[in-house]
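Every number for a ligand or one of its atoms is a count from 1 in the order of the listing. Owing to the predicted nature of the structure, the values given are computational and were not obtained by experimental measurement.
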Amino acid sequence: MRMYDIIAKKRDGGTLDRAELEFAVNGFVAGEVPDYQMSALLMAIYLRGMADTETAELTEVMARSGDMVDLSAIEGIKVDKHSTGGVGDKTTLVITPIVAACGVRIAKMSGRGLGHTGGTVDKMESVPGTRTSLAREEFFAQVNRIGISVIGQSGNLAPADKKMYALRDVTATVGCIPLIASSIMSKKLAAGSDCILLDVKTGNGAFMKTLEESIRLAQAMVAIGQHHGRKIAALITDMDTPLGLAIGNSLEVAESAAVLKGSGPADLTEVCYQLAANMLLLAGKGSLAQCRAMAEHAVESGAAFQKLKEMFAAQGGDTSVLDDPALFARAKYSQVVPAPQSGFLYATDTEKIGNASVLLGAGRLKKEDSIDFAAGIVLHKKAGGRVQAGEPLATFYAEDEARFAAAKEMFLSAIRFADKAPELPPLVLARVTAEGVERF
Ligand code: URA
């Protein structure tokens, strides 16, 4: 077999078979297929697309390029969730303890933030002492004991994806549904859970900017999960505006704890209930309405907040900051950003707001950058809200006052004002399952 022929077949619109995909992907991981040939193949896939079965095969080959985590040592049904990434998206920290408090196991591997989007592992590490790297035996034992553990992704989970993603990033081949779907799903299949709920973000702060594109991506991922015998569904959720009010690591942990104590922002709370209910539904806990009621009860009874604390305590975290977020290390400086004019906030460029938080030190532009856990933004107004000129729009937090000017310029360039209250999209726009698409 020759890589040249595989590239030519895809260039001419052919469908690659399992042997050809294995030759290309495994050869690339082994260093036998050079970057330039894999780049050419990725571009051919980008331009020609892939058949559903071909995408499913590619995903499996990528998943099998490294460790396939066997979760059978953990009793019961294990449910995973994945978000395609957004600004202020702290849902994992809210919904995994809710689901675990309802008796469904969570053995989850999460990522770090990159670019304008945050990552669960960074947020967790803002709780002093928290370990996000556990040996496999400790990870399993914790889930068997308390029902939940969230840790960082192991280095050898889908290494083909890691290498292919790095190439896609520099060859203009990221925005391609079969490649995104196989990238995400290879990691989810390798991570081993029985059920997977996908949170596909849509809007100006998301990867997929339109609802139709997001639905197509969700359908591709659901088809892959289905093909590999997993119970899987996707919710398409709004990312035209940040989720909740807090953006930045410890700020977001504090907000997640607030939701679990019943005092979080309404938008975040609602999205979390819908996600948690859908995870419970996949795990067979009842009808969607029963699962929603179960999720609400887990919060109202305090069981979900206790579960969050149990997880952090088991992983070495100081849970006093969850009880009282004022105990989190504070940023040295804060600055209120006043509204430059009166009106209704009718739109926010969410990616820019995420970038403003990165400028304050809350995120990283390169993988090796360090982050400041206390830095970030707390919004006082969101899209749809009315403001008077001079009223606080947001408060910024940073370790260095010099960071404020550029962040403020970026933030204000993201906000648009109107005379009339805007019509906002629903928080959850659609649900995609193997049976079809339900639009809300
Ligand atoms: N997230 C991933 O893991 N892979 C992609 O290709 C895009 C988003």
Colleague: Taking K209 first and then E351, would you say they form a salt bridge - that is, a charged N and a carboxylate O separated by under 4.0 Å?
Modeller: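 Yes, K209 and E351 are salt-bridged.
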
Colleague: May I ask you to list the atoms of ligand 1 that are less than 4.0 angstrom from any heavy atom of Y165?
Modeller: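 Those qualifying, in numeric order: 4 (N), 5 (C), 6 (O), 7 (C).
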
Colleague: Determine, for F28 and K163, whether the Lys NZ or Arg CZ falls below 6.0 Å from the six-membered ring centre while staying within 45 degrees of the axis.
Modeller: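 Yes, cation above the ring, under 6.0 Å and within 45°.
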
Colleague: Charged N to carboxylate O below 4.0 Å: is that the case for K187 and D161?
Modeller: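 Between D161 and K187 there is a salt bridge, with a charged N closer than 4.0 Å to a carboxylate O.
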
Colleague: Say whether D161, considering both its backbone and side-chain N or O atoms, lies within less than 3.5 Å of an N or O atom on ligand 1.
Modeller: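 Among all N and O atoms of D161, none is under 3.5 Å from an N or O of ligand 1.
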
Colleague: Quick one, K188 and R230 - any side-chain contact, counting heavy atoms below 4.5 Å?
Modeller: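 Sidechains of R230 and K188: no contact.
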
Colleague: Among protein heavy atoms, which lies nearest atom 1 (N) of ligand 1, and at what distance?
Modeller: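 The closest one turns out to be I184 CG1, 3.7 Å.
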
Colleague: Around atom 8 (C) of ligand 1, find the nearest protein heavy atom and jot down its residue, atom name and distance.
Modeller: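 Of every protein heavy atom, F207 CE2, 3.4 Å lies nearest to atom 8 (C) of ligand 1.
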
Colleague: Between F373 and F328, is the ring centroid distance below 6.0 Å?
Modeller: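 No.
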
Colleague: How far is atom 4 (N) of ligand 1 from its nearest protein heavy atom, and which residue and atom name does that atom have?
Modeller: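 For this ligand atom, the closest protein heavy atom is S183 OG, 2.6 Å.
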
Colleague: With heavy atoms of R168 as the reference, note each atom of ligand 1 found under 4.0 Å away.
Modeller: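 So the atoms of ligand 1 that pass are 6 (O).
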
Colleague: Pick from Q142, E310, R131: which one makes a side-chain hydrogen bond (donor to acceptor under 3.5 Å, both in side chains) with Q315?
Modeller: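 So the option named by the test is Q142.
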
Colleague: When you measure from atom 3 (O) of ligand 1 to each heavy atom in M164, K162, K187, which option holds the nearest one?
Modeller: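 Going through M164, K162, K187 one by one, K187 has the nearest heavy atom to atom 3 (O) of ligand 1.
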
Colleague: Please verify whether a non-hydrogen atom of I180 lies at under 4.0 Å from ligand 1.
Modeller: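 Contact present.
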
